[in-house]
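Data block below; observations after.
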Amino acid sequence: MIRLPFSSLLAAAALIAMTAPLFAQTPAKPKPEETEVWEPVPKVVTPGATCGSAPSDAIVLFDGKNLDEWVTNRDKSPAKWDVANGVMTVNKSGGGNIETKRSFTDYQLHVEWKVPTSITGSSQARGNSGVFLASTGPGDDGYELQVLDSYENKTYVNGMAGSLYKQAIPLANPTRKPGEWQTYDIVWTAPVFNADGSLKTPAYATVFFNGVLVENHFELKGQTLYIGKPFYKAYTSAPIKLQAHGDKSEPISFRNIWIRELN
C-alpha cells in the first residue's frame with residue numbers, strides 16, 4: 001500500500017471540496033416569466049386623428065379660437081396678440097411677449113409656426129421669435145428654443161431656428177421656406193434645485209424640427225442669454241413663453257399648440 005504524505009491528503013481533500021459543487025449543482029434553466037413585468041400598467045392615451053393633432057391627455061394651449069390660456073408676460077394682463085382664421089400672430093405694436101397661465105415642469109410640447117411669405121430682413125432680423133421652454137421672469141428670462149427664418153438666411157449657427165439659443169447648434173437645418181408651416185415637437189426635462197437654491201440636476205431638451213431630430217437630450221448650462229454666460233436660477237415650475245421680438249420684419253404666426261405633462 002502506498003502511503004501519501006498527510007499534506008498531500010489535505011490538498012486532495014480541499015480540491016474535492018472545491019470542485020464538488022460544480023458537479024453536484026446543475027443551474028436552473030431560466031424562464032421567460034422571470035424577466036416579465038406586468039405592473040404598473042401604462043395609461044391608455046388615444047392619439048390624435050392626424051399626425052400633429054393633440055392626443056387625449058394633452059392640454060390644448062391654442063386651438064385657433066382664442067387666447068384664454070395666455071397672458072401678457074410683463075404684467076399678466078390678457079394676451080394682446082391677434083387671432084384670426086385659426087392662427088395667432090405676434091402683435092409688434094405693444095403686444096409684448098405672452099406666456100401660459102399654467103406652469104409646468106417636465107413635458108412634451110407641440111408648436112407650429114410660420115414666417116410670412118412677404119418676410120424681409122436678414123440674419124437675426126428676419127422672422128425672429130422664440131419658444132421659451134420655461135419662462136423664469138420678465139422679458140427674455142428663461143430657456144429659449146429659437147424661432148427664425150433659417151431658409152437660405154445666414155446667421156450665427158447657435159442662433160438659427162432649432163437652436164437652444166447660444167448654447168446648442170441644431171444637428172440639421174430642416175427649415176421650410178417662408179409661407180409654409182414649421183413644426184416643433186419638444187421633450188423638456190426641467191432643472192431640479194436643492195432647498196438652498198443650488199442646482200441638483202440640469203435641464204435637458206430634445207427637439208424634432210419638421211420631424212427631424214435637431215437637439216438630442218441636450219444638457220443646458222443654464223438660462224439662454226443674449227449677452228454673457230448661462231447660469232441657473234432656482235424655480236419650481238414655470239409657464240411657457242412666446243416672444244414678440246423687436247426686429248423690424250413682418251410678424252410671425254402660431255397655431256396648434258398643445259402640451260402633455262410628464263410628471
Check your understanding: Within the side chain of D185, is there an N or O that forms a donor-acceptor pair under 3.5 Å with the backbone of G211?
Key -> no
Check your understanding: What's the shortest heavy-atom distance between S163 and N158, and which atoms?
Key -> OG-O, 3.4 Å
Check your understanding: Can Q243 and D140 be counted as having a side-chain donor-acceptor contact under 3.5 angstrom?
Key -> yes
Point to revise | pair V147-N128: side-chain heavy atoms closer than 4.5 Å | key: no
Check your understanding: Is the closest side-chain heavy-atom distance between V131 and E144 below 4.5 Å?
Key -> no
Would you tabulate the side-chain donor-acceptor contacts of residues 42-50 under 3.5 Å, counting partners in other chains and residues two or more places apart, or write 'none'?
from	atom 1	to	atom 2	distance (Å)
K43	NZ	D57	OD2	3.2
T50	OG1	S53	OG	2.6

Practice item. Please examine the side chains of L145 and V207, heavy atoms only from C-beta on, and report whether any two atoms are closer than 4.5 Å. Key: yes
Review point. Quick one: are F254 and L242 in side-chain contact, heavy atoms under 4.5 Å?
Key: yes
**Study point:** Distance in Å, E215 CD paired with I169 CD1, rounded so as to fall on 0.5 Å steps
**Key:** 9.0 Å
Check your understanding: Is the NZ or CZ atom of R255 positioned over W113's six-membered ring, under 6.0 angstrom from the centre and within 45° of the axis?
Key -> no
**Study point:** Heavy atoms of other groups near K248 NZ, more than 12 under 6.0 Å
**Key:** no
Cut-off 3.5 Å, no hydrogens considered: what does the side-chain donor-acceptor table look like for residues 216-223, sequence neighbours left out?
from	atom 1	to	atom 2	distance (Å)
K221	NZ	E219	O	3.2
Q223	OE1	T136	OG1	2.2

Review point. Any side-chain donor paired with an acceptor under 3.5 Å for N91 and S93?
Key: yes
Review point. Which pair of heavy atoms, one from Y235 and one from P191, lies closest together, and at what distance?
Key: OH-CD, 3.2 Å
Exercise for review: Output the distance between atom CD1 (I186) and atom CG (L109), rounded to the nearest 0.5 Å.
Suggested key: 4.5 Å
Point to revise | Check: V87 and W181 side chains under 4.5 Å, non-hydrogen atoms | key: yes
Practice item. Quick one: closest heavy-atom pair of R260 and W258, and the distance? Key: CG-CZ3, 3.9 Å
Check your understanding: Any idea which heavy atoms bring N73 and G139 closest together, and the distance?
Key -> OD1-N, 3.0 Å
Check your understanding: Pick from K114, R126, K154: which one makes a salt bridge (charged side-chain N to carboxylate O under 4.0 Å, His left out) with D149?
Key -> R126
Point to revise | Closest non-hydrogen atom pair, V71 against K101 | key: CG1-CG, 3.6 Å
Review point. At what distance, to the nearest 0.5 angstrom, does CD1 of I240 lie from CD1 of I98?
Key: 11.5 Å
Practice item. Quick one: pull up CG in L61 and CG in D68 and give me the separation to the nearest 0.5 Å. Key: 12.0 Å
Check your understanding: Taking the side chain from T72 and the backbone from P78, do they hold a donor-acceptor pair closer than 3.5 Å?
Key -> yes
Check your understanding: With the threshold set at 4.0 Å, does a side-chain nitrogen-carboxylate oxygen contact exist between K233 and D141?
Key -> yes
Point to revise | Exam field: side chain T206 to backbone V187, donor-acceptor pair closer than 3.5 Å | key: no
Point to revise | Of all pairs that satisfy ring-ring contact (aromatic ring centres under 6.0 Å, His included), the ones with a partner from residues 139-166, not counting sequence neighbours | key: Y143-W188
Practice item. Calculate, to the nearest 0.5 Å, the distance between atoms CD and CD belonging to Q167 and Q146 respectively. Key: 13.0 Å
**Study point:** T117 to G179 - nearest heavy-atom pair and separation
**Key:** OG1-CA, 3.3 Å
Practice item. Report yes or no: does Q182 contribute a side-chain atom to a donor-acceptor pair with the main-chain N or O of R176 at less than 3.5 Å? Key: yes
Review point. Tell me, do I59 and E261 make a side-chain contact under 4.5 Å, heavy atoms counted?
Key: yes
Check your understanding: How about Y184 and H110: do any of their side-chain heavy atoms sit closer than 4.5 Å?
Key -> no
Review point. Do M88 and S253 have side-chain heavy atoms sitting under 4.5 Å apart?
Key: no
Review point. In terms of side-chain geometry, is the basic nitrogen of E99 or K76 positioned less than 4.0 Å from the acidic oxygen of its partner?
Key: yes
**Study point:** Under 3.5 Å: donor-acceptor pair, side chain of N194, backbone of D196
**Key:** no
Review point. Between atom OG of S150 and atom CD of E152, what is the distance when rounded to the nearest 0.5 Å?
Key: 11.5 Å
Check your understanding: So with a 6.0 Å cut-off around CG of D75, is the heavy-atom count from everything else above 12?
Key -> yes
